[in-house]
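The analysis underlying the following values was restricted to heavy atoms, covering all of them including side chains, and did not include hydrogens, waters or symmetry mates. Sequence positions, counted from 1, serve as the residue numbers for this chain. Ligands are counted one by one from 1 in listed order, and the atoms in each one are counted from 1 as well.
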Amino acid sequence: MSVRVRFAPSPTGHLHIGGARTALFNWLYARHTGGQFVLRIEDTDEERNTPEAINVILEGLRWLGLDWDEGPAGESKGNRGPYFQSQRGEIYARHVEALKAKGLAYEHEGAIRFRMQREAITIPDLVCGDVVRELTDREQEQPDFVIVRSDGKPVFHLVNVIDDLEMGITHVIRGEDHLSNTAKHIALFRALDAEPPAFAHIPLILNSDGSKMSKRDDGASLDGWQQTHCVPEAVVNYLSLLGWSPKDDSQVMPMAEIIERFDLPQINRANARFDVKKMQWMNYEHLRNLPMPRYRQLASEAGMDFGDAAEDYIEAALVTCQNKVKQISDLPDYCRFYFTDAFEYDEAMAAKAFAPENKEGFAKLRELFANLESFEPELTETALKALAEELDVKIRALVMPARCACTGVKIGPSLYDLMAVLGRDRVLARFDRALARMDESGEG
Ligand code: GLU
């Protein structure tokens with residue numbers, strides 16, 4: 001039987017890291033097994049059910065690259081789903097009638113109650129093992145529970161189970177916080193004459209200090225990672241390791257490898273901990289290895305303005321940055337000098353770099369560079385170092401003014417690499433601007 005899994009979020013206005021991880025595990029299991037991944041919005045709570053709250057979920061999943069496979073019949077392939085519980089009232093009503101007809105549901109004070117079985121229920125869970133759920137003292141007295149409220153609204157347990165049944169879900173992979181609901185769900189499946197699906201309750205995600213993660217905690221909401229332009233591939237990779245690990249403890253993996261290796265038996269029982277630092281490390285590991293076209297795309301999304309620069313130039317410039325920039329949102333500042341001549345000098349740096357004692361050497365460097373055969377990094381580096389030796393000055397005394405002249409700031413790509421990208425004409429023009437400034441301060 002082909003695997004069918006689902007992500008069934010309730011719209012709350014956020015996509016919490018825990019929800020994103022649940023979506024990911026379901027998606028990975030579907031892709032690993034060649035099954036189907038269904039998205040179902042559990043939007044029966046009308047107050048929270050706003051288009052914005054639903055969009056946060058859809059946008060979050062799209063950003064992560066977790067595509068869903070189907071939706072209500074009749075929708076075209078490119079526009080599939082999701083299912084909305086708010087549109088499925090008739091289906092629920094039909095099943096409630098059937099339960100009533102069998103004597104398994106009955107009216108009580110305007111609401112409809114489900115006649116719950118009186119014995120303990122064993123939940124065979126793929127992660128937690130067999131979990132025996134005894135009746136509580138209160139349930140001993142009254143095990144039946146409401147499935148349709150007196151205002152006519154069906155409750156979560158009922159619609160969740162009916163949908164899993166109607167949608168042919170084979171595996172319910174969800175947070176461990178739902179384990180306590182599962183005995184009710186199993187009883188409902190049986191009452192509906194269906195075999196329950198397999199259950200896999202995945203460990204909770206805690207903060208790195210072991211405290212319970214709430215939506216206000218650092219890193220807890222996916223939109224925070226979206227807004228800081230984290231690499232989605234890195235977020236997926238990091239989330240995949242929250243409660244799962246491949247046998248050899250690999251960490252940095254491309255999506256294809258995660259799909260290939262992901263499976264339910266390797267899900268851990270112990271709670272996972274969310275570590276913002278590790279997420280940032282993972283982000284950098286992915287960022288520095290991205291194929292250039294993807295890197296360029298993320299740079300544009302992060303607000304990088306390439307002006308009217310040529311493609312080759314943009315790529316060459318980005319290559320010198322990719323290994324150095326820890327997060328893509330730092331890139332626009334880091335490589336601005338490539339795309340405009342009109343940058344200011346960092347004054348603290350300029351004061352040192354353009355100090356009078358550096359002037360003579362820097363002017364000589366300009367002449368040397370003007371006459372170099374080519375502007376390859378190896379050549380400029382050798383020439384600069386030879387000149388420092390000849391003048392008996394520190395390499396810094398030439399590098400600092402050159403860097404300040406070319407970029408205006410202290411941090412940046414390798415000087416020789418960035419000069420090769422800028423090209424000789426631009427570098428000499430920037431040297432001249434700096435020399436003019438040194439003249440001014442010399443006079444002043
Ligand atoms: N709407 C429920 C939630 O967001 C779904 C639970 C489930 O996956 O069965 O927690």
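Judged as a salt bridge (Lys or Arg N to Asp or Glu O under 4.0 Å), the pairs with a partner in residues 84-93 (not counting sequence neighbours) are, in order, Arg88-Asp163.
Listed by chain and residue number, the protein contacts of ligand 1 are Arg6, Ala8, Pro9, Ser10, Glu42, Phe156, Asn160, Arg174, His178 (heavy atom within 4.0 angstrom).
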Taking it one step at a time, do Arg269 and Asp125 satisfy salt bridge (charged side-chain N to carboxylate O under 4.0 Å, His left out)?
CA-CA 11 Å; Arg269 281 223 56 187; Asp125 192 277; over 6 Å; no
ring-ring contact (aromatic ring centres under 6.0 Å, His included) between Phe262 and Trp244: does it pass, once the steps are laid out?
CA-CA 8 Å; Phe262 184 85; Trp244 169 79; 5.4 Å; yes
Run the numbers on His178 and Phe156 for ring-ring contact (aromatic ring centres under 6.0 Å, His included), then give the verdict.
CA-CA 12 Å; His178 283 291; Phe156 160 71; 5.6 Å; yes
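Using a 3.5 Å distance cut-off with no hydrogens or angles, the side chains of Thr182 and His201 do pair a donor with an acceptor.
Within the 4.5 Å cutoff, the side chain of Ile91 has heavy atoms near those of the Ile162 side chain.
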